[in-house]
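In the text below, chain A, chain B and the rest are named by the order of the sequence lines, each starting its count at 1.
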There are 2 protein chains.
Amino acid sequence: MVEASTSTQTVFQKMLLNVQSGIWETGAKIPSERSLIDQFGVSRIAIREALSMLRGLGVLEINHGQRTRVKTVDAVTLGHLLPLMLSSGGQQTFDQVFEVRLAIESQTASQAARRRTSEQLERLKELLASFRDAMRNDGNTNAQAIDLEFHLEIARATANPLFPVLLEALAGFVSFAQKASCQNDSERSQRAVLAHESIFEAIRDADADRARVEMESHLRYSMTRKIRPDEPLFDDSDPSAH
Amino acid sequence: MVEASTSTQTVFQKMLLNVQSGIWETGAKIPSERSLIDQFGVSRIAIREALSMLRGLGVLEINHGQRTRVKTVDAVTLGHLLPLMLSSGGQQTFDQVFEVRLAIESQTASQAARRRTSEQLERLKELLASFRDAMRNDGNTNAQAIDLEFHLEIARATANPLFPVLLEALAGFVSFAQKASCQNDSERSQRAVLAHESIFEAIRDADADRARVEMESHLRYSMTRKIRPDEPLFDDSDPSAH
DNA sequence: AGCAAGTGTCTGGTCATACCAGACTAGCGA
DNA sequence: TCGCTAGTCTGGTATGACCAGACACTTGCT
């Protein structure tokens, strides 16, 4: 790296390196601002601005009164970046997000079928039941959340942490698209439940190919919903929420 | 959102909203810090810290002497987050990244076969030739970059901007894995060239399924490389570079 | 002795002010 | 007319003071 025009940048990079190299362990508290002043030999301003950058990146968790700690960079931050990337890249459609989701979830279904543990399978079974109930009863007030959880659990069952992270990041986009897709539409609701069942069964039977096909089919059907194009692409954001 | 314990947070969120809602257009200059002081009614510290957070997020480009501008959030920032996420997310392996890449690129190959324009096809042809040359001549000094460009062009040919963005984000991570995979290994080099040719042909023939299969095959083979586990997971980082 | 309130001192949050330094621009002088 | 220069925009850094949340230790009451 070497070059670092401003001292804030320098400090920022050094701090980032501290995190990456594990000197500042994730979850652990980092020195207080007053200590960092000595440690880096710059003013508190520079320290705080560098810390702010890291906070913006989602690396640090800063709370008044408590020592600043290294946060596990989770999907939330990633989820904040995606909307920004999209909003700056011109008008995006839900179809585009769905395409990515299709790519991801075809893989997760397939991998989940191979790697899922019995505990995960049990959890999927429960979620499936909950989903069925939610669909029948409260007309999808919870169904949406359960649906997402079902898909996320499949992603987790891949044993690859990247999948649930990515999926969650995409979720903010597709959430109300899903909602619109089955709301007040018993046929779609039915199909959604059936699709989930098929996916579940394929994963249960460790049939990777079938799981992929079922997932793909499910998503392709979901993709056919009608959305008014004037709806906003994003909702509230707070990458630094604590 | 509503809640915003600190004034820095408040300002940050308002600014973020300004970006998202397009009040602050991407590429345009935002008001000077002194103006923002009046506009938000807080001290310069709060303003600058909020700006720092946005800079950390990769939303703003701040340069000494020039007005701060809204940057197009590119894959670079995302590329910085992935290592952080992985390094804090426990056992991170290249295989995991490759799995995601496999998911993404299976889809891009398939979509590219359907949607590629003749210009894009031409460009792919050129890249293919360059790749072949690079492999034969300079022993992959450039081959790596060309390889990436080839894959990116395929991603672009999907007409879905999300794909190239995601792929680029993943690329920084897998790049030297790729390098290691064909370095000083004529057999692997040969196979890489052949694989690219097969993918190209499938896309040329608009054969989506074949494109997918060829891509999958290509990546799965690449995935079998041997990496020494003691290599660093990341290199220099500077999300706020200008 | 045990519990509760109180207080000191950590931590981060905010501010005003002054000054430094890069970048642009208008205006002066050759 | 051209080129240099100085003014004044912009962000960058520093100091020092003070506010406010969190926590631990001490004190004092029951």
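For the pair A:Glu49 CD and C:dG12 C1', the computed distance is 15 Å after rounding to whole Å. Atom CZ in A:Arg44 sits about 14 Å away from atom P in D:dA14, given to the nearest Å. Summarising the geometry, the separation between CD on A:Glu61 and P on D:dG21 is reported as 18 Å, rounded to the nearest angstrom. If you measure from atom CD1 of A:Ile47 to atom P of C:dG12, you get 11 Å, rounded to the nearest angstrom. Between B:Leu51 atom CG and D:dT13 atom C1' there is a gap of 16 Å when expressed in whole angstrom units. A straight line from CD1 of A:Ile45 to P of C:dG13 spans 13 Å, rounded to a whole angstrom. At whole-Å resolution of the value, CZ in B:Phe40 and C1' in C:dT14 are 17 Å apart. Rounded to a whole Å, the CD1 atom of A:Ile37 is 13 Å from the P atom of C:dG13.
For the pair A:Ser5 and D:dG12, the criterion of a side-chain N or O lying under 4.0 Å from OP1 or OP2 is not met. At C:dC15, one or more side-chain N or O atoms of B:Ser43 fall inside 4.0 Å of OP1 or OP2 (strictly under the cut-off). Between A:Ser7 and D:dT13, a side-chain N or O to OP1/OP2 separation shorter than 4.0 Å is present.
For A:Ile146 against A:Leu127, the heavy-atom pair with the smallest separation is CG2-O, 3.5 Å.
Residues that satisfy the ring pair (Phe, Tyr, Trp, His ring centres under 6.0 Å) test with B:Phe40, not counting sequence neighbours, are absent from this structure. Not counting sequence neighbours, the partners of B:Glu153 by the salt bridge (Lys or Arg N to Asp or Glu O under 4.0 Å) test are B:Arg123, B:Arg156. Qualifying side chain to side chain contact (heavy atoms under 4.5 Å, CB included) partners for B:Ile37, counting only residues two or more places apart in sequence or in other chains: B:Arg44, B:Ile47. In terms of the side chain to side chain contact (heavy atoms under 4.5 Å, CB included) criterion, residue partners of B:Ala157 (sequence neighbours excluded) are, by chain and number, B:Ala112, B:Arg116, B:Gln120. In this view, A:Phe163 satisfies the ring pair (Phe, Tyr, Trp, His ring centres under 6.0 Å) rule with no residue, not counting sequence neighbours.
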Anything under 3.5 Å between a protein N or O and an N or O of nucleotides 7-10 of chain D, put it in a table, one pair a line.
unit_1	atom_1	unit_2	atom_2	d
D:dT10	OP1	B:Ser32	OG	3.3

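In this model, no donor atom of one side chain and acceptor atom of the other lie less than 3.5 Å apart for B:Thr10 and B:Ser7.
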